[in-house]
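Report on one structure; see the data block that follows.
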Amino acid sequence: MEDPIPLLIPRYMPTRMLEDKPRVWLVSAVESMEMNISVSGAGNCNLLQKTKDSIDELSFWTWSDLLVALKHYQDSPRTATSSGILEKCLDSLVGRLAMASEVTPCASTSSPDSSGLRISFNTRSTQSSKNGLFRATWWFEDLSALNPNLIEMLVKSMVSRGYNHVIVSGFLFYYQKSKFYTASSDEKREVLEIVIDMLYTLDPSSISCKSLFGVLRPVLRSNISKSCRNKLESMIGSQLDQATIDNLLIPSYGRSYLYDVNLVLRFLKAFLRDGGSELSLIQMKKVASLIDLYITEVAPDRCLKSSKFSALVMVLPDSSRDSWDELYHAMDIYLE
């Protein structure tokens, strides 16, 4: 008997559409027509099951085919989830990325810089290093077209497969920046929350402090959830010894005082809390030196309350300072 699948494709479905994504559209059509039972005259053929069986051939799909399927289903996740196509497409896509990373590893994957990838190019940089960066990140642009929900599923799948966290964090920062060009305020909030939630699941050493401050700027202007704010502040606080004075000079939006001292105090508390007994003396001294510079910068602010100034001075233990000269200088400025 003739195969029933081509016979039962809806007549209203454009030919061009079928050529580009036949299996994806066919599953949608079959499910919308509830053709999940044996077709009359076709024996025991279950059209929906037969169509789903063809999806099992995902290993033969091209990268472009997988992207087409994901983009098609990202606006109708309910149908995709019920048919299992979404999970299979993501699994196949992540599998290919994992294999590609094993064949052409990134030039360096430790101590990430501002982009989330530690590959610095200077006059002595080689062409092979540049090619290594491209091989590690070539897929960033392709996958940045996916919506936040799919990005969450994608990252979770990559993490579960043990994919390089440095590359994953680099993609998340890239995704946030690329989405912000055309996104509405609500879309920006959704993107920020997904990016922060996913970054929080990664190894902290794979995330650059500078990039986290880059995410913080739009967060301060958006109405994201309190839990996401707490996660971001915790991640920044845990790396406070890598911050610079420019990072900390954050304007106090909508308040009378110049800089957001409360935010910096929360960073400090997170640094002490999350580091605990594992904090080295070198880390403590670096943060103390940074905070002394910060206190000097905020001291001239006439609106800064004495309780906040005192909290900045006393939050770190005395053992973290070799010298109190900078702090005494800040106190003189504040009292004047």
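Residue pairs satisfying the salt bridge (charged side-chain N to carboxylate O under 4.0 Å, His left out) criterion with at least one member in residues 270-289, sequence neighbours excluded, are listed as follows: K285-D322. Legend: salt bridge (charged side-chain N to carboxylate O under 4.0 Å, His left out) pairs involving residues 324-336, not counting sequence neighbours: none detected. Among pairs with a residue in residues 223-238, those fulfilling salt bridge (charged side-chain N to carboxylate O under 4.0 Å, His left out) read D197-K231, E233-R266, at least two apart in sequence or across chains. Screening residues 295-313 for salt bridge (charged side-chain N to carboxylate O under 4.0 Å, His left out) gives no qualifying pairs among residues at least two apart or on separate chains.
S234 places no side-chain N or O within 3.5 Å of a backbone atom of A270 that could act as its donor or acceptor partner. Put simply, the side chain of S222 gets close to the backbone of P218: a donor and an acceptor are under 3.5 Å apart. Between the S310 side chain and the S307 main chain, no donor and acceptor come within less than 3.5 Å of each other.
Using a 4.5 Å cut-off on side-chain heavy atoms (C-beta onward), L143 and Y175 make no contact. When side chains are defined from C-beta on, L70 does not count as touching L154, because their heavy atoms never get closer than 4.5 Å. Proximity of W61 to L93: side-chain heavy atoms (C-beta onward) are nowhere separated by under 4.5 Å. You'll find the side chain of S92 reaches within 4.5 Å of the side chain of L66, heavy atoms only. In this structure the side chain of L199 never reaches within 4.5 angstrom of the side chain of L232, judged on heavy atoms. Within the 4.5 Å cutoff, the side chain of V287 has no heavy atoms near those of the Q283 side chain. Counting heavy atoms from C-beta on, the side chains of I291 and V264 come closer than 4.5 Å. Between N247 and I245, the closest side-chain pair of non-hydrogen atoms is not below 4.5 Å.
Ring geometry for Y163 against W139 counts as perpendicular: the plane angle is over 60°, on a 0 to 90° scale with 30° as the lower cut.
Crowding of I282 atom CD1: a count of heavy atoms from other residues, nucleotides or ligands under 6.0 Å not exceeding 12. The environment of K188 atom NZ is dense: over 12 non-hydrogen atoms of other residues, nucleotides or ligands sit within 6.0 angstrom.
In this structure, OH in Y328 is found 11.0 Å from CG in D292, a value given to the nearest 0.5 Å. Separation of atoms OG1 (T201) and CE (M158) is listed at 11.5 Å; rounding is to 0.5 Å. In this structure, L240 CG and F267 CZ are separated by 7.5 Å, a value rounded to the nearest 0.5 Å.
Under the side chain to side chain donor-acceptor pair (under 3.5 Å) criterion, E152 pairs with K156, not counting sequence neighbours. Residues passing the side chain to side chain donor-acceptor pair (under 3.5 Å) test with Y200: none are found, sequence neighbours excluded.
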Test log, rule side-chain hydrogen bond (donor to acceptor under 3.5 Å, both in side chains), inputs S205 and D203:
CA-CA 5 Å; S205 65; D203 182 346; 3.0 Å; yes
Intermediate values then yes/no, side-chain hydrogen bond (donor to acceptor under 3.5 Å, both in side chains), S64 and T62
CA-CA 5 Å; S64 296; T62 65; 4.6 Å; no
